[in-house]
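Before any comments, here is the structure.
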There are 2 protein chains.
Amino acid sequence: MAPTSETLTAERILEATEEVLRRHGPAKATVVDVARALGVSHGSVYRHFRTKAALREAVTKRWLDRTSEALSGIAADDRDPEGRLRDWLRTLFEAKRRKAGLDPELFATYRVLTDENGTVVGEHLADLTAQLTRIVRAGAEAGTFAAPDPEAAARAVFHATGRFHDPCHAHEWERPGVEEEFTAVVDLLVRGLRAP
Amino acid sequence: MAPTSETLTAERILEATEEVLRRHGPAKATVVDVARALGVSHGSVYRHFRTKAALREAVTKRWLDRTSEALSGIAADDRDPEGRLRDWLRTLFEAKRRKAGLDPELFATYRVLTDENGTVVGEHLADLTAQLTRIVRAGAEAGTFAAPDPEAAARAVFHATGRFHDPCHAHEWERPGVEEEFTAVVDLLVRGLRAP
DNA sequence: TGGATGACAGTTATTGAAATCTGTCAGCTG
DNA sequence: CAGCTGACAGATTTCAATAACTGTCATCCA
């Protein structure tokens, strides 16, 4: 099909896989499809990724990392922690919502991994909570937040906002009124975090 | 099988259906099975319930109402609102968790209805948030909580605790550490609710 | 000789025919 | 006559045969 006779690299395979996944979805996409899209035999794909699951994970990791990077910018700046927290949560919500809407098939792939409890999703979650912890800790140090254990507080905030980022709630993200629900939850959490 | 030749009542059909559902699960249970269990023809079942979906909904409603009643006792007493809120949330969590563990098939039926967006689940959720609103309002009136809009605050609390009662999170309810997560979230929410 | 290939074994998905199920209703029965 | 029955049409599910896929590896080529 596109026998672009460059050398076959892991990166090129990931790109092709993402495309195939986007077109066919996780249930129908096969590694034979990926090989066909690259104009090689499927044996060559297995030289770079031990299993189909590993390939799926690698694609999802790349996809997830793009969100993480955008967020880490917010987590790392030095504005007031409360505003940063609000921004970070809102950006996370909107990123997930956009991905669910625009890339439904890749989002479905992400969901498959979530159910399979793969390491990639675990690492993604760990990364996100680490970023949140950083914000909460900054707030605690600045005296804005009362958080004796910033990591535990960050996890609580992450769990409490699950409705707005956990893939199993994706079908509720386009309902009218979610915006208000989101704001109400974040307001409540921020008040709970503030120093007396 | 058990042709208990009493008159065929909606109640008896519901009991039989619950049993069939418990044994076969929502995917395999048929109304022919229900009829067989009652020793009648399936046409008789259709005299009492217009469709299979209606039957499923009615069974789930009964099942859900049992939890609601236990909770309404807590919502209605007149202890301090903060303790009541904590009790209510914990009882809800434990009831859902117990049902998911002990009645996996009926729980799966509940999940089917959740996805189908049936009225029964909507009513159940409305009932629960109404109970929560009652508690929050009591707290606002007593001056314990700062909640200008008790209903909105109750919804926020309900959404923020979704991880501990929404069926799509059921698989996480037996993980070690959920207890602590639950406590951390509830503590944070209660602090957010308290009057300054 | 490093990388690609395609045939192969074992497993999983697809297909279409047969069986079962849902929902209706004319007629039976007590 | 109120309530139950069982035959029926159309939709859905099951099942077994067939096809496709995953992962391996002896072989090939540049």
Q.
Rounding to an integer number of Å, can you tell me how far L38(B) CG sits from dG3(D) C1'?
A. 15 Å

Q) What is the distance, rounded to the nearest whole Å, between atom CZ of R56(B) and atom C1' of dT22(C)? A) 12 Å

(Q) Rounding to an integer number of Å, can you tell me how far H24(A) NE2 sits from dA13(C) C1'? (A) 15 Å

**Q.** K52(B) side chain, from C-beta outward: closest of dA4(C), dT22(C), dT22(D)
**A.** dT22(C)

Q. Does the dG6(D) base have a donor-acceptor partner in the side chain of H42(B) within less than 3.5 Å?
A. no

Q: Please check if the side chain of R155(A) supplies one atom and the backbone of E181(B) the other of a donor-acceptor pair under 3.5 Å.
A: no

Q. To the nearest Å, how far apart are R36(A) CZ and dC21(D) C1'?
A. 11 Å

Q: Using the side-chain contact (heavy atoms from CB on, under 4.5 Å) rule, pick out the option among T109(A), L113(A), T51(A) that qualifies with E57(A).
A: L113(A)

Q | Between dA4(C) (C1') and I13(A) (CD1): distance, integer Å | A | 12 Å

Q: Could you pull out the closest heavy-atom pair between F49(B) and A58(B), with the gap in Å?
A: CE2-CB, 3.8 Å

(Q) Quick one about D33(A) and T30(A) (side-chain donor to acceptor, distance below 3.5 Å, no hydrogens or angles considered), yes or no? (A) yes

Q: Scan T30(A) against the nucleic acid and name what it touches under 4.0 Å (heavy atoms): base, sugar-phosphate only, or nothing.
A: sugar-phosphate

Q.
Heavy-atom nearest nucleotide on DNA chain C for G43(A) versus K28(A): which residue maps closer to 5'?
A. G43(A)

Q. So, are R22(B) and E18(B) salt-bridged, with charged N and O less than 4.0 Å apart?
A. yes

Q: Provide, to the nearest angstrom, the distance between the CZ atom belonging to R50(A) and the P atom belonging to dC25(D).
A: 14 Å

Q: Could you check how far OH of Y46(B) sits from C1' of dC8(D), rounded to whole Å?
A: 14 Å

**Q.** 5' precedence on DNA chain C between H48(A) and A27(A) (nearest-nucleotide basis)
**A.** H48(A)

Q | Nucleotide dA26(D), atom P - distance to CZ of R47(A) in whole Å | A | 13 Å

Q) For dA4(C), does either OP1 or OP2 sit under 4.0 Å from a side-chain N or O belonging to S44(A)? A) no

**Q.** Shortest side-chain distance from V32(B), nucleotide among dG23(D), dT22(C), dT5(D)
**A.** dT22(C)

